[in-house]
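Remarks on the structure that follows.
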2 protein chains.
Amino acid sequence: MIWQYHIHKNIVKRSLEPIAYNQDTEALARFAKALGHPTRIAILKHLENQSCCFTGDLVEVFPLAQSTVSQHLKELKNVGLIQGELKPPKIKYCINKDNWNKAKALFQEFF
Amino acid sequence: MIWQYHIHKNIVKRSLEPIAYNQDTEALARFAKALGHPTRIAILKHLENQSCCFTGDLVEVFPLAQSTVSQHLKELKNVGLIQGELKPPKIKYCINKDNWNKAKALFQEFF
DNA sequence: ATCATTCATCGTAAATTTACGATAGGTAGT
DNA sequence: ACTACCTATCGTAAATTTACGATGAATGAT
């Protein structure tokens, strides 16, 4: 049964170079990915109601560590759906209308 | 410097019980997550054009292993965005209109 | 019954995500 | 300068995702 050893040695060669999809497809997937966690959806819904809020507010709303909330905010910021404004000693987060509308348009076009 | 040992022994207690968000938030996040990969977006766009297609067609379109394409299809099927119909020896995949419209409505309401 | 075709599933490796506590940084007030 | 406050970042563990090749299951044809 020596062959078993060889069979289980299937080293996978991963295609390093990512597939180049068209711009809209990539953008839509990026937005969708950012929306792909209930906490982030909830954060955005909260921001839509309040228009703006501070990190601390969210930490009180969600039963999550402050660092975890911060991480979710970072992701939303990275795709551009929100933006932070320094209001010392706090940071005020708002929806980034431009990119919000971009995302909206992409989803509308898609569906 | 014995304390270093203890400092680095920060075992994380993960909150096992997931947060209960409201139904729509969960559903929207689930759909968004499924759309959160460019390949899956591309597959759905393809299905919108063709109305339907076979797994094999997609394997030719994308530079991905057959098993990988199949896995993406499975995820789309799991959230209900597509459905498969046996057309031996192939399987014909189409968009699931009901759930597609459900997703559409959730995104529209959200934006 | 056997074979070819088509696709799903298994097993696995690497990468990424998600959560936490601990720590660092930046600003306002004392 | 020191302190208090708020938030970002670091380091890490566990879970999940994404990719592959190999295998298995189901059907139609020979």
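Model, not experiment: these values are computed from the prediction. Proteins get letters first, then strands, A, B, ... in listed order; numbering begins at 1 in each.
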[N] [atom2] sits how many Å from [X] [atom1], rounded?
X       : N      : atom1 : atom2 : answer
B/Phe54 : D/dT27 : CZ    : C1'   : 14 Å
A/Lys90 : D/dA4  : NZ    : P     : 18 Å
A/Leu58 : D/dA8  : CG    : C1'   : 14 Å
A/Ile91 : C/dA28 : CD1   : P     : 12 Å
A/Lys74 : C/dT18 : NZ    : P     : 13 Å
A/Glu60 : D/dC6  : CD    : C1'   : 12 Å
A/Ile82 : D/dT7  : CD1   : C1'   : 13 Å
B/Leu73 : D/dA19 : CG    : C1'   : 15 Å

The side chain of [X] lies closest to which of these nucleotides: [options]?
X       : options                : answer
A/Ala65 : C/dG21, D/dC20, D/dA19 : C/dG21
B/Leu86 : D/dT27, D/dA8, C/dA8   : D/dT27
A/Leu64 : C/dC20, D/dT7, C/dC7   : C/dC20
A/His72 : C/dA19, D/dA19, C/dA8  : C/dA19

Does any non-hydrogen side-chain atom of [Y] lie less than 4.5 Å from one of [X]?
X       : Y       : answer
B/Val61 : B/Ile43 : no
A/Arg40 : A/Val79 : no
B/Ile95 : B/Leu81 : no

### Query
Counting any heavy atom closer than 4.0 Å, what does B/Thr55 reach on the DNA or RNA strands: base, sugar-phosphate only, or nothing?
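If one applies the 4.0 Å heavy-atom cut-off, B/Thr55 turns out to touch the sugar-phosphate alone, with no base involved.
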### Any A/Thr68 side-chain N or O less than 4.0 Å from OP1/OP2 of C/dA19
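Negative; the distance criterion is not met.
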### Task
Would you indicate, yes or no, if C/dG21 has its OP1 or OP2 atom less than 4.0 angstrom from a side-chain nitrogen or oxygen of A/Ser67?
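Indeed not, no polar side-chain atom of A/Ser67 lies that close.
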### Task
Kindly confirm or rule out a cation-pi arrangement of B/Lys90 over B/Phe54, judged by NZ or CZ under 6.0 Å from the six-membered ring centre and within 45° of its axis?
yes
### Task
Identify, between A/Lys92 and B/Glu75, the residue whose nearest nucleotide on DNA chain D lies closer to the 5' end.
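It is A/Lys92 whose nearest nucleotide is closer to the 5' end.
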### Query
DNA chain D: A/Gln71 or A/Tyr93, which has the more 5' nearest nucleotide?
A/Tyr93
### Query
Which atoms form the tightest heavy-atom contact between A/Asn78 and A/Arg30, and what is the distance?
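So the two residues come closest at O-NH2, 3.5 Å.
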### Query
For the residue pair A/Cys53 and A/Leu47, what are the closest heavy atoms and their distance?
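Minimum heavy-atom separation between A/Cys53 and A/Leu47: SG-CD2, 3.5 Å.
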### Query
Of the residues in residues 26-43 of chain B, which ones touch DNA chain D at a heavy-atom distance under 4.0 Å?
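B/Lys33, B/His37, B/Arg40 - these, ordered by number, are the residues of the stretch whose heavy atoms sit under 4.0 Å from the strand.
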### Polar pair under 3.5 Å, donor/acceptor by atom type, side chain B/Gln66, base C/dA8
yes
#### Entry: Audit row: B/Ile82, B/Leu44, side-chain contact (heavy atoms from CB on, under 4.5 Å) steps and yes/no
CA-CA 8 Å; B/Ile82 65 173; B/Leu44 290 171; 3.6 Å; yes
### Query
If you draw a 6.0 Å radius around NZ in A/Lys104, do more than 12 non-hydrogen atoms from other residues or ligands fall strictly inside?
no
### Task
Mind telling me whether A/Phe107 and B/Phe107 have parallel, tilted or perpendicular rings, with 30° and 60° as the class edges?
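Parallel: the ring planes of B/Phe107 and A/Phe107 meet at under 30°.
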### Task
Give the angle between the helix axes at the two ends of the helix from C/dA1-D/dT30 to C/dT30-D/dA1, taking five base pairs at each end and rounding to 10°.
10°
### Query
Of B/Phe111, B/Phe31, B/Trp100, which meets ring-ring contact (aromatic ring centres under 6.0 Å, His included) against A/Phe111?
B/Trp100
